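Everything numeric in this text was worked out from a predicted model, so none of it was measured. All residue numbers in this chain count up from 1 along the given sequence.
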Amino acid sequence: MNSSLNAARRSRELAEAGDLLMDVLVVGLGATGAGAALDAASRGLSVAAIDAHDLAFGTSRWSSKMIHGGLRYLAKGQVKVAHESAVERGLLLRHTAPHLVRAQPYLLPLTPAVSGGQAATVMTGYRLGDGLRMAARTPRRLLPGPARISAGRALSLAAPLSPNGLRGALLSWDGRLVDDARLVVALARTAASRGARILTRCRALELAGDGARVRDELTGSTFAIRARTVVNATGVWAAQLDPDIRMRPSRGTHLVLRPETLPGLRAGLHVPIPGESNRFALVLPQSDGRVYVGLTDEPVEGPVPDVPQAPEEDVAFLLDVLNSVLGVPLGRQDVAGTYAGLRPLLAAGGRTADLSREHALLTSGSGVVTVVGGKLTTYRRMAEDAVDRVVALGRLGAGGSRTARLPLIGAGAVQEAGAVPDRLRARYGSEAGAVRALMAEDPALAEPLPTGITRAELVWAVRHEGALDVDDLLDRRTRIGLVPEDRAAALPAARAALAY
């Protein structure tokens, strides 16, 4: 079946939705919800998946873009989560999304603030993390091992570091996504290619074990979707559909720096947070030249917002930590943008930073299965477990999960690779040639926008990736909107793409 998502397909499938009885209804189209839609559809089940907003509208677009092996969780004794993370990282690198996930080097600078004992402890942790890689059977060619490097080598990989007192760095490797929202789009489109009905701008007003009452947010009309089983994958907003669920979300804030702000940064950085024995700020260079700096872990009180904001105290904290290792400190004026995401943690005692990232399945009295907790790296396992649960509850007669070896859209070989820019291959994989062909048809579409995104990519997002408005284009299909000035500059092109 066609994998393209667009306004015409949405209208057609929306018109049919009220007349059908689905095997599985998934509510929420972040990574876990889109993953559950794919898992169920790949087992041959009929699937409808809805979201009140857009693909990756919530937490799944606000991550650090890391696909990591769970070393932090191993240090806390959460062995199951750490091993699960390493396994899922390996599957993404090797089988399901090798075009979107690749190895990223990170340096922990050995500054005067890092003692010899601390360095030895961290290196032991890195070696344990390499053991997780081996246990997950991820080849070293895909994920190199850790090493201690000289100060000169460290400065060649991270020129903005202060050389004063620098005695080298600890080098480690982990997985990194080109873009977390692109992963969700690939999941949704792959599910659509297996027959799933992917319906954005459809809000679940009421949820029960046999379906939902839904409102089309574009027209205001309401209708029912009937289903044999229901998965609530709305993450941090899960309690809005099941008041018995108790969430304790935490906020992770990131700074966005322009490409010229930290010139010569070729590796990511792990910067120790003062007063914390096992927490680091992350400095994450992106493929578009920008740099993200994160991240905080602060509890969120009160109503959960649709789009969380980064408070100034978080910005100041991250700048202070970053400046502790830079030769030339940065000021607030150097921060081009910010973003914040909310972690969907189950309520428990203690600091949110110490709560387990293990996911949980909760079944309501009416039979709705809610999946909460977890993290981006383990979305596939979370989705598999949720679908296993509803298959058993609904006696659906489906087999086991097939997604561990199921390549996502774009994971195949790139045809005529030499004619396709590396940047397109990194974002679109095997579909890069088709995006490039749009530029050949209309040279005006080759015009670059901020971050190097072309007008052709905006048109592609409208035709094939389910983008319905300028927010979808600038804030999720591309990340131009992370910097307000860039967003304003690209807005006319986004409007033109919708009418192209």
Side-chain angles (χ1 to χ4, degrees), residues 1 3 22-49 55 60 67 69-70 80-98 100-101 135-138 175 183-198 227-235 344 357-363 367-412:
M1 182 176 286
S3 67
M22 311 305 299
D23 290 324
V24 182
L25 169 63
V26 179
V27 183
L29 280 167
T32 303
L38 172 58
D39 191 288
S42 66
R43 301 190 199 199
L45 299 171
S46 60
V47 179
L55 304 176
S60 292
I67 297 295
K80 178 183 176 183
V81 178
H83 180 261
E84 189 175 84
S85 298
V87 169
E88 295 300 323
R89 178 185 61 186
L91 294 178
L92 284 159
L93 282 165
R94 299 176 65 188
H95 302 294
T96 59
L100 296 177
V101 182
R137 300 182 179 179
T138 303
L183 174 65
V184 178
V185 171
L187 286 166
R189 291 184 59 211
T190 309
S193 75
R194 299 288 177 128
R197 298 167 187 273
I198 305 297
R228 294 183 175 89
T229 61
V230 176
V231 175
N232 176 7
T234 54
R357 278 9 180 207
E358 187 172 353
H359 67 272
L361 296 177
L362 310 172
T363 305
V368 174
V369 172
T370 296
V371 54
V372 290
K375 49 201 177 65
L376 182 65
T377 303
T378 59
Y379 81 86
R380 192 208 64 83
R381 181 57 187 271
M382 295 168 66
E384 175 184 337
D385 289 352
V387 176
D388 281 347
R389 175 71 63 87
V390 296
V391 164
L393 285 174
R395 300 179 182 179
L396 299 180
S401 177
R402 302 176 181 180
T403 54
R405 297 292 189 277
L406 198 162
L408 302 184
I409 292 292

Any heavy-atom pair between the side chains of [Y] and [X] that's under 4.5 Å?
X	Y	value
Thr363	Leu393	yes
Val368	Val27	no
Thr96	Val101	no
Thr229	Val369	no

Looking only at heavy atoms, which two atoms of [X] and [Y] are closest? And how far apart?
X	Y	result
Gly35	Ala383	C-CB, 3.3 Å
Ile198	Ala37	CD1-CB, 4.4 Å
Val47	Ala41	CG2-N, 3.6 Å
Ala36	Val387	O-CG2, 3.6 Å
Ala136	Ala86	CB-O, 3.5 Å
Ala398	Leu45	CB-CD2, 3.8 Å

Q: Check whether the side chains of Thr138 and Arg89 place a donor and an acceptor atom closer than 3.5 Å, and report yes or no.
A: no
Q: Using distance alone, with no hydrogens and no angle criterion, decide if Arg402 and Ser42 have a side-chain donor and acceptor under 3.5 Å apart.
A: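 No, no side-chain donor-acceptor contact under 3.5 Å.
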Once rounded to the nearest 0.5 Å, what's the spacing between atom [atom1] of [X] and atom [atom2] of [Y]?
X	Y	atom1	atom2	value
Arg381	Asp388	CZ	CG	8.5 Å
Leu100	Leu93	CG	CG	11.0 Å
Tyr379	Leu187	OH	CG	4.5 Å
Leu55	Arg189	CG	CZ	10.5 Å
Leu38	Arg380	CG	CZ	10.0 Å
Lys375	His359	NZ	NE2	11.0 Å

Q: Determine, stepwise, if the pair Val391 / Arg43 fulfils side-chain contact (heavy atoms from CB on, under 4.5 Å).
A: CA-CA 10 Å; Val391 164; Arg43 301 190 199 199; 4.1 Å; yes
Q. With the threshold set at 4.0 Å, does a side-chain nitrogen-carboxylate oxygen contact exist between Arg194 and Asp39?
A.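 Looking at Arg194 and Asp39, the cut-off is not met.
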Q. Would Asp385 and Arg389 pass as an ion pair if we require N to O under 4.0 Å?
A. no
Q) Is a donor on one side and an acceptor on the other found under 3.5 Å between the side chain of Ser46 and the backbone of Asp23? A) yes
Q.
For a side-chain contact (heavy atoms from CB on, under 4.5 Å) check, start with the C-alpha distance between Thr403 and Leu91, then their side-chain angles and the critical distance, and finish with the verdict.
A. CA-CA 10 Å; Thr403 54; Leu91 294 178; over 6 Å; no
Q) Taking it one step at a time, do Val184 and Leu29 satisfy side-chain contact (heavy atoms from CB on, under 4.5 Å)? A) CA-CA 8 Å; Val184 178; Leu29 280 167; 5.6 Å; no
